*Asks:* 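Just dropping this structure here.
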Amino acid sequence: MLQGARLHEMKVFEWLLTYHPYTSLLSCQMSVPWILPLSCNSDLCGCCFSHIVLFTADTLCSPSCPQPIILILLDIPPMLPVLDGVVMELQDCALPLLREVIPTDKVEVGFKDLDAAILVGSMPRKEGMERKDLLKANVAIFKTQGAALDKYAKKTVKVLVVGNPANTNCLIASKSAPSIPKENFSCLTRLDHNRACSQVAMRCSVSADNVKNVIIWGNHSSTQYPDVHHAKVNLHGSEVAAYEAVKDDNWLRGDFISTVQQRGAAVIKARKLSSAMSAAKAICDHMRDIWFGTKENKTWKIVDGLPINDFSRAKMDATASELVEERDTALDFLSQ
Ligand code: LMR
């Protein structure tokens, strides 16, 4: 795909409060600033920040995705000395296509002419906090970021929202950026997808790249529905349906789903910190696929006419109703 294409620098803005990716290389004059907001106040630790920066820079600069990048890191003023350290480390990584790293605390610099924005940070849930308090704080954050995207970023910018509650934060950012097509906004459920692929792969004793067409429906929360009814597993060179490959319907309809739904909480329980490396990897997978397109299509589209059985329908309805409730609460705050 890339041979013969003239490569422009891709400005990537990483803001410590948000995240996201997408588009076809050929239609883009990429100066893609990735927005990677990372701050001590966010629910991402410094380790996650470093992982994300490295993964994003390294993935997009990999030989299979030769996209030059200008990486913009936006954070609050007290964090600028920390960002200087991140800049030094990025320089020390000697990434061949990372053309420039710009640390800044200025929104007009951070969001200017962005091609891709990765909105990482959000208000984490703290002890004694109700879900509504969390939504209220995040509506304020993502309203501001959406408005900044609207004002300064390219209209083609691809926005990935990572900060939780990611789906609802993404909606708020999109609604606050009316001049940017809503199709350009997405939130991170690739982590759930990767978790699901990996669980199925381990069960079948194959590597994760042998599992495809896994779907995550709904909210990035414990109501999400990892669906493998349309998934295929490559077993010794032949593709078979996931249910046939796994040969354990009870597991696929039980522990598999709850393991993926609860994985984020399990990581937090074990590490005493939110997922970092796997989240960073998922962000890179997501942004790379949105930006370059999937291997077959080089773009994305909605798949119509998928058969949905009663089991799946019930799970999809449950997570959809949680999303609707979150949306309604958030939109109430947005209108205040
Ligand atoms: C994850 O899925 O690992 C995270 O979204 C969990 C969290 O609440 O930070």
Side-chain angles (χ1 to χ4, degrees), residues 14-21 36-53 55-56 118-139 141-142 159-173 185-200 202 208 214-227 255-287 315 319 322-323 325-326 329-330:
E14 305 212 13
W15 187 7
L16 305 192
L17 286 180
T18 320
Y19 243 103
H20 180 41
L36 177 54
L38 302 175
S39 78
C40 289
N41 296 332
S42 82
D43 56 353
L44 297 166
C45 63
C47 158
C48 181
F49 176 65
S50 299
H51 276 119
I52 289 166
V53 174
F55 270 120
T56 49
I118 304 173
L119 306 183
V120 180
S122 64
M123 170 69 76
R125 192 163 177 167
K126 296 189 185 126
E127 215 174 332
M129 217 175 183
E130 299 296 328
R131 195 171 179 83
K132 275 197 170 185
D133 300 330
L134 183 71
L135 276 174
K136 189 172 188 177
N138 282 305
V139 165
I141 291 170
F142 286 87
V159 184
L160 169 59
V161 175
V162 174
N164 282 323
N167 306 59
T168 303
N169 290 341
C170 185
L171 175 74
I172 298 301
F185 287 79
S186 58
C187 76
L188 189 76
T189 47
R190 183 61 176 261
L191 177 53
D192 310 302
H193 169 276
N194 287 352
R195 287 166 172 164
C197 286
S198 188
Q199 288 295 319
V200 169
M202 286 190 289
V214 166
I215 303 171
I216 304 295
W217 299 101
N219 210 357
H220 175 65
S221 75
S222 58
T223 68
Q224 68 175 267
Y225 171 41
D227 178 7
D255 285 353
F256 161 70
I257 293 174
S258 56
T259 297
V260 177
Q261 287 174 331
Q262 304 290 340
R263 193 65 158 189
V267 169
I268 291 172
K269 190 165 177 225
R271 271 172 36 89
K272 315 290 179 242
L273 287 170
S274 197
S275 55
M277 191 180 359
S278 56
K281 165 67 165 50
I283 287 162
C284 293
D285 288 348
H286 181 129
M287 187 60 97
K315 299 267 179 218
T319 191
E322 183 184 62
L323 276 173
E325 199 183 309
E326 259 184 43
T329 309

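We number each residue from 1, following the sequence as shown. Keep in mind that this is a model prediction, so the values were computed, not measured. Start at 1 and go down the list; that is how both ligands and their atoms are numbered.
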*Asks:* Quick one: does Ser275's side chain get under 4.5 Å of Arg195's, heavy atoms only?
*Replies:* yes
*Asks:* Check whether the side chains of Glu326 and Asn167 place a donor and an acceptor atom closer than 3.5 Å, and report yes or no.
*Replies:* no
*Asks:* Compute the shortest N/O to N/O distance between Ser275 and ligand 1 and return yes if it is under 3.5 Å, no if not.
*Replies:* yes
*Asks:* Quick one, Pro165 and His220 - any side-chain contact, counting heavy atoms below 4.5 Å?
*Replies:* no
*Asks:* Would you mind reporting whether Thr168 and Asn138 have side-chain heavy atoms less than 4.5 Å apart?
*Replies:* no
*Asks:* Under 4.0 Å, counting heavy atoms only: does His220 come that close to any atom of ligand 1?
*Replies:* yes
*Asks:* Of the backbone atoms (N, CA, C, O) and the side-chain heavy atoms from C-beta on, which set of Leu191 has a member under 4.0 Å from an atom of ligand 1: side chain, backbone, both, or neither?
*Replies:* side chain
*Asks:* Whether the Gln224 and Thr189 side chains hold a donor-acceptor pair (N or O, under 3.5 Å, no angle test) is what I'd like checked.
*Replies:* no
*Asks:* If hydrogens are left out, which of Ser274, Ser278, Ala266 has an atom nearest to atom 6 (C) of ligand 1, that is, the closest non-hydrogen atom?
*Replies:* Ser274
*Asks:* Excluding sequence neighbours, so at least two apart, what forms salt bridge (Lys or Arg N to Asp or Glu O under 4.0 Å) with Asp227?
*Replies:* none
*Asks:* Could a heavy atom of Arg195 be found less than 4.0 Å from some atom of ligand 1?
*Replies:* yes
*Asks:* Which atoms of ligand 1 have any heavy atom of Gly264 under 4.0 Å away?
*Replies:* 1 (C), 2 (O), 3 (O)
*Asks:* Is Val267 close enough to touch ligand 1? Criterion: a residue heavy atom under 4.0 Å from a ligand atom.
*Replies:* no
*Asks:* Check ligand 1 against Asn164 and write out every atom of the ligand that is under 4.0 Å from a heavy-atom position of the residue.
*Replies:* 4 (C), 5 (O), 7 (C), 8 (O), 9 (O)
